[in-house]
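Lettering follows sequence order; numbering is per chain, from 1.
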2 protein chains.
Amino acid sequence: MSEKITIYDIAKKLNITAATVSRALNNNPKIKESTRELVIKTAASMNYKQNKLALALKSGRSNNIGVIVPRIDSNFFASVIRGIEEELHPHGYQVIICQTHEDPKRENENLYTLIDAQVDGILMSVTDITNENTGAFHYVLEKNVPLIFFDRSKHIDGVSSVTINDFKGGYITTKHLIDEGCKSIAHFSGDQSLEIFKSRFLGYKQALLDNGITFNEEYVIRTKSSVESGKEAVNALLQLKTPPDAIFSSSDFAALGAIQELKDKNISIPKEFCVAGFSNEPFTKFMELSITSVDQSPLEMGKMSARVFLEQVDKTDTIKIEKKVVLAPELHIRKSSSRSTI
Amino acid sequence: MSEKITIYDIAKKLNITAATVSRALNNNPKIKESTRELVIKTAASMNYKQNKLALALKSGRSNNIGVIVPRIDSNFFASVIRGIEEELHPHGYQVIICQTHEDPKRENENLYTLIDAQVDGILMSVTDITNENTGAFHYVLEKNVPLIFFDRSKHIDGVSSVTINDFKGGYITTKHLIDEGCKSIAHFSGDQSLEIFKSRFLGYKQALLDNGITFNEEYVIRTKSSVESGKEAVNALLQLKTPPDAIFSSSDFAALGAIQELKDKNISIPKEFCVAGFSNEPFTKFMELSITSVDQSPLEMGKMSARVFLEQVDKTDTIKIEKKVVLAPELHIRKSSSRSTI
DNA sequence: TGTTACATTGCAAACGTTTGAGATATAAAT
DNA sequence: ATTTATATCTCAAACGTTTGCAATGTAACA
């Protein structure tokens, strides 16, 4: 049943050689038009399909690209992947996805596996920037496989990245809270070994300074990206001698947790307390008390990463162009921080 | 820089043949222990990496599996993919993802592309069951590549599937609404050419009949899975001579739209009107007025699909085992339909 | 010493394609 | 008629593995 037919089968049928068949199918100009047509026609009639694996082995290119993310079931990463897939699909690339679950070991393992599987490029979001074991990354670079970071990046020579301006995201959000009349603004931060969280924090801090508000170390709390974590954090804040009157959270989930807890304590939002999140998760705009949040345009980020990859691939120049694309964050102001419109 | 080293390089260095190297590395018992150790050691020292493409060409197995979904940036599909990836990763499979955007043409194209890329199996959610052009599916089956449907399935001989019991999902949800005292229950349905929507509708209908409520054709509205569509639909319902007092929606998004519109019209939920959705999207439990919804356990569905694939692969028996796994839906009762707890 | 058995290793084909270099044929130019 | 150029095609190697079969070596046994 369904035996694989190769260019040899076509060649035998037409009494020509496999090389001619190959050239005919690849539109090589050295082939006479009439034979080309004949080959193409009989190839079709014999239901010939090119063996991609053989081609990959011969050419060394698999037409696969690898994408590594912490996890795929998050709106942000799923959207980025969608962008990547949509941009690369027309170019004949298939997308292989890997998850790290925030584990540097898994990250390394995925990198090695992808390279060993001969992918033509790797697009990834780093899990832990402090991980000094950059062996896997250099393994990628040695093999001359384009490597592109998106969102969570790491400074490595010759590696391009597509990120958003997290500093600005933190800045404009904090500024917005100040403009709404908030006097003491707290901050929920993620793991600051990741540059995105560091930058959001610095943007927050700078906005405070620029507006004459003294920075208070006590107001910065390390949270995880979960509702529960947000609840715990806001409770810690409320037990301070001088609790804040606003929160800029690096996570929409933590922001939601804070809001739920504040409501439980009958603290009115946004009148007494304002909250803003980050990522523009779908639920933030669905809530009755919709949540102000920073949009990271994940779809665009994915497409842009893919485009950077396309520029990079095929450039066999040893002079790698290191491209740094920085997208602009967009603050979506909603009820959780809109005192003016009430 | 970084020349590819092959088993021939190792062989040359040790003055043995490549075949021996290959066997040594693959733990073939015909190789003397001492040479095996020697080979392994020098392979490591030379930084040898097996060429997966060559292996794939030789064996005909790529160690890739394809996953086709309508779109990846939906919580449900992303979670299924996560489940698939986590189950298959330990077995050395990589996951290639493709999107159809509900377009049967794209679906066919993806099927052909994946087969041509020599994947070892295809796990997919169908876009349109009425699509009579089953050529691509048979192409897959001819090649003897395991094909497994998840969630949205299609009846094809020899194809396994992993779904949830949508009929039951529709039934228990409707029954729940009846138990809460709702007398006239409307239904938002998706494209009934898809079995999942047909089944949910039938479950809904059956529950009505079993409880002495006459089925009313007017109460069934075809919606898209969007907030906007839900708003339009509920408005249509409210303009009927005898509007319903509850909605069982096949989409959480449409359910949300309905709720927003009902609130706008000052109709109290759940006192005057109950709403229940389907899919258990994250936002349903985050809302202040949390939304009752049917959980489809996507993670479990993904893992189960992967397991079915693993059972199927390697079974070169022409007798294909056609396995139909049906998971149980779980109703998460929340505020939007809980009159009793108020 | 010759035979047998067994453990190791080598040889070469196979997977299906691409591609540089050589071969043949055809036509044009001298 | 001989050379030159060009168009078209064939040969064979290469990509890096795996694997059936043959070959070698060694030890035991008769």
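A salt bridge between A:Arg82 and A:Glu86 is present, with a side-chain N of the basic residue lying under 4.0 Å from a carboxylate O of the acidic one.
Between the C1' atom of C:dG16 and the CG atom of A:Leu53 lies a distance of 10 Å, rounded to the nearest Å. The CZ-P distance, from A:Arg61 to D:dC15, rounds to 18 Å in whole Å. Separating the CZ atom of B:Arg36 from the C1' atom of C:dT8 is a distance of 11 Å, rounded to the nearest angstrom. Rounded to whole Å, atom C1' of D:dT19 lies 11 Å from atom CG of B:Asn26. For the pair A:Gln118 CD and D:dG16 P, the interatomic distance rounds to 9 Å; values are reported in whole Å. As rounded to whole Å, 15 Å separates atom C1' of C:dG10 from atom CG of B:Leu14. As rounded to whole Å, 7 Å separates atom P of C:dG16 from atom CG of B:Leu57. Nucleotide D:dA14 holds its P atom 14 Å from the CG atom of B:Asp9, rounded to whole Å.
Comparing B:Gln50 and A:Pro29 by the nucleotide of DNA chain D whose heavy atom lies nearest to each, the residue mapping closer to the 5' end is A:Pro29. Taking the nucleotide of DNA chain C with the nearest heavy atom to each of B:Tyr8 and A:Ile7, the more 5' of the two is matched to B:Tyr8.
Here the side chain of B:Thr6 is nearest to one of C:dG16, C:dC11, D:dG16, namely D:dG16. For B:Ala19, whose side chain is taken as the heavy atoms from C-beta onward, the closest listed nucleotide among C:dC15, D:dT19, D:dA12 is D:dT19. Considering only the side chain of B:Thr20, C:dG10 comes nearest among C:dT18, C:dG10, C:dC15. The side chain of A:Lys32 lies closest to D:dT8, out of C:dT17, D:dT18, D:dT8.
Looking at heavy-atom distances under 4.0 Å, A:Ile31 makes contact with sugar-phosphate atoms alone, never a base. When heavy atoms are screened at a 4.0 angstrom cut-off, A:Asn28 is found touching no nucleic acid atom at all. Nucleic acid contact class of B:Ile16 (heavy atoms, under 4.0 Å, all strands): sugar-phosphate only. Contact annotation for A:Leu55: backbone-only contact, meaning every heavy-atom pair under 4.0 Å involves sugar-phosphate atoms and none involves a base. Residue B:Lys30 is classed as a base contact, given a heavy-atom separation below 4.0 Å to a base. Residue contacts for B:Asn15: at a heavy-atom cut-off of 4.0 Å it reaches the sugar-phosphate backbone alone, with no base atom in range. Among the atoms of the strands shown, only primed sugar atoms or phosphate atoms (P, OP1, OP2) are found under 4.0 Å from some heavy atom of A:Thr35. Nucleic acid contact class of B:Lys49 (heavy atoms, under 4.0 Å, all strands): sugar-phosphate only.
Residues A:Ile96 and A:Leu114 form a side-chain contact, since some pair of their non-hydrogen atoms from C-beta on lies under 4.5 Å apart.
There is no side-chain donor-acceptor pair under 3.5 Å between A:His101 and A:Glu107.
Taking only distance into account, the side chain of A:Arg23 never meets the base of C:dT17 through a donor-acceptor pair shorter than 3.5 Å. Taking 3.5 Å as the limit, the base of C:dT17 and the side chain of A:Lys58 contain no donor-acceptor pair of atoms between them.
Proximity of a side-chain donor or acceptor of B:Ser153 to a complementary backbone N or O of B:Phe149 within less than 3.5 Å is not detected.
Of the side-chain N and O atoms in B:Ser22, one or more sit less than 4.0 angstrom from OP1 or OP2 of D:dT18.
In this structure, A:Phe150 has its ring center at least 6.0 angstrom away from the ring center of A:Phe76.
Heavy-atom contacts from other residues, nucleotides or ligands closer than 6.0 Å to NZ of A:Lys12 number 12 or fewer.
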